[in-house]
2 protein chains.
Amino acid sequence: MKELSESELIALLRSCGISPSPQRIAIYGYLKSHPVHPTADVIMKELKPHLPTLSLTTVYNTLKLFVSKKLVSEVIIEDGELRFDADLKDHAHFKCTRCQQVFDLFPEGNRMDISGLPALPEGFSAESVHICFRGKCSSCRE
Amino acid sequence: MKELSESELIALLRSCGISPSPQRIAIYGYLKSHPVHPTADVIMKELKPHLPTLSLTTVYNTLKLFVSKKLVSEVIIEDGELRFDADLKDHAHFKCTRCQQVFDLFPEGNRMDISGLPALPEGFSAESVHICFRGKCSSCRE
DNA sequence: TTTATCTTTGAAGTCACTACAAATACAAAA
DNA sequence: TTTTGTATTTGTAGTGACTTCAAAGATAAA
């Protein structure tokens with residue numbers, strides 16, 4: 001939840017080969033300071049007041065650019081809504097089926113231990129794993 | 001991949017409280033004999049020749065009914081395409097980023113060992129876990 | 001300053017999926 | 001059998017997330 005300074009954001013963008021336009025800084029800054037896996041739509045609504053000319057196309061284009069440069073990752077939790085995550089550390093997700101909130105689940109240590117999961121067939125190589133639990137969060141459980 | 005007889009399909013539908021119309025039998029039979037996680041669209045295209053009056057609405061309604069009765073499960077792998085799986089046994093998925101095929105990964109024994117995954121926070125309870133690897137399958141890897 | 005390249009923008013389009021209301025099939029009651 | 005009610009299917013029209021596209025605006029290089 002920590003706020004990054006503009007110059008830190010610019011440095012991070014540059015380090016991925018992305019030239020730091022105001023829109024890109026704003027979108028990346030929003031993702032960094034709001035780790036709630038927002039959709040493009042949410043980002044648009046939140047940033048519009050500060051960047052009145054912002055267009056939805058730009059939001060989509062920018063997010064796609066970030067993903068292609070591996071600055072953020074796509075999170076697929078529910079069909080029909082693509083979410084984005086600026087936290088690249090290994091973690092799983094939990095979606096509450098009542099309040100619809102998405103929670104991060106970080107592993108003890110820093111790496112996820114996937115040794116208990118089914119092994120890949122001969123010759124297969126994995127680049128990523130998505131793990132998403134579904135159930136009730138503590139506040140929705142009573 | 002084994003073909004079920006029509007009477008077996010009907011019995012399975014009935015056991016979930018679903019009255020076995022020709023459309024429902026066809027869709028469930030297709031899912032059972034084609035464990036490739038088809039989308040509604042694929043199911044429609046495949047069944048249309050045998051059931052010329054079949055409508056896409058029926059396919060969607062029927063799949064939704066199956067899911068609500070826990071006869072099949074939804075598989076979310078890529079955004080913008082909801083897939084369906086008639087195999088309810090515990091398993092993970094692997095999507096090849098080159099040929100786009102989706103593979104089933106069954107665990108040794110029958111249960112998936114998720115003890116290495118991040119623990120749920122106090123008070124949370126999970127109803128399901130979706131696990132999806134992404135990478136290259138053996139044929140796409142050379 | 002000129003020219004070329006990036007980036008943003010909004011309007012129109014696509015595509016998966018849904019809502020809806022009419023039509024058909026099926027089943028129970030008379 | 002006929003009547004009446006309930007399920008199921010169907011096609012059309014709609015919704016909403018996302019993309020395409022071409023023009024406008026901003027940046028950078030020559």
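The shown structure was predicted, so the numbers you read here are calculated from the model rather than taken from an experiment.
Contact footprint of chain B on DNA chain D: nucleotides with an atom under 4.0 Å from a non-hydrogen protein atom, first to last in 5' to 3' order, D:dT8 to D:dC18.
In the region residues 16-26 of chain A, proximity to DNA chain C at under 4.0 angstrom, judged on heavy atoms, holds for A:S19, A:S21, A:Q23, A:R24.
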Sugar-phosphate or base contact per nucleotide [nucleotides 13-20 of chain C; S, B, -; heavy atom under 4.0 Å]: ---SBBBB

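The salt bridge (Lys or Arg N to Asp or Glu O under 4.0 Å) contacts involving residues 41-65 of chain A comprise A:D41-A:K45, where partners must be two or more places apart or lie in separate chains. The list of ring pair (Phe, Tyr, Trp, His ring centres under 6.0 Å) pairs with a residue in residues 40-67 of chain B, not counting sequence neighbours, reads B:Y28-B:F66. Applying the side chain to side chain donor-acceptor pair (under 3.5 Å) rule to pairs touching residues 13-22 of chain A yields A:S19-A:R24, sequence neighbours excluded. Sorted by first and then second residue, the ring pair (Phe, Tyr, Trp, His ring centres under 6.0 Å) pairs involving residues 112-132 of chain B (not counting sequence neighbours) are A:F94-B:F124, A:F103-B:F124.
Of the inter-residue distances, the one linking B:K136 atom NZ with B:S139 atom OG reads 12.5 Å to the nearest 0.5 angstrom.
Partners of A:E78 under the side-chain hydrogen bond (donor to acceptor under 3.5 Å, both in side chains) rule, at least two apart in sequence or in another chain, are A:K95, A:R134. Taking A:S115 as the reference, A:D113 meet the side-chain hydrogen bond (donor to acceptor under 3.5 Å, both in side chains) condition, with sequence neighbours excluded. Checked against side-chain hydrogen bond (donor to acceptor under 3.5 Å, both in side chains), B:D104 has the following partners two or more places apart in sequence or in another chain: B:H37, B:H91, B:H93.
Residue A:V102 belongs to a hydrophobic cluster whose other members are A:V75, A:I77, with links defined by side-chain heavy atoms closer than 4.5 Å.
In the hydrophobic clustering of ILVMFWY residues, with side-chain heavy atoms under 4.5 Å counting as a link, B:L51 and B:I43 come out together. By the rule that hydrophobic residues join a cluster once side-chain heavy atoms approach within less than 4.5 Å of another member, A:I131 and A:F106 end up as members of separate clusters.
Rounded to whole Å, atom P of C:dC6 lies 18 Å from atom CG of A:L13. Taking atom CG of residue B:L54 and atom C1' of nucleotide C:dT24, one finds them 15 Å apart after rounding to whole Å.
Between B:K32 and B:E3 no salt bridge is recorded (no basic side-chain N to carboxylate O distance below 4.0 Å).
With B:T58 as reference, B:L54 is the one residue of B:N61, B:L54, B:L56 to meet the side chain to side chain contact (heavy atoms under 4.5 Å, CB included) rule.
One axis for each end of the helix from C:dT1-D:dA30 to C:dA30-D:dT1, each built from five base pairs, and the angle between them comes to 10° at 10° resolution.
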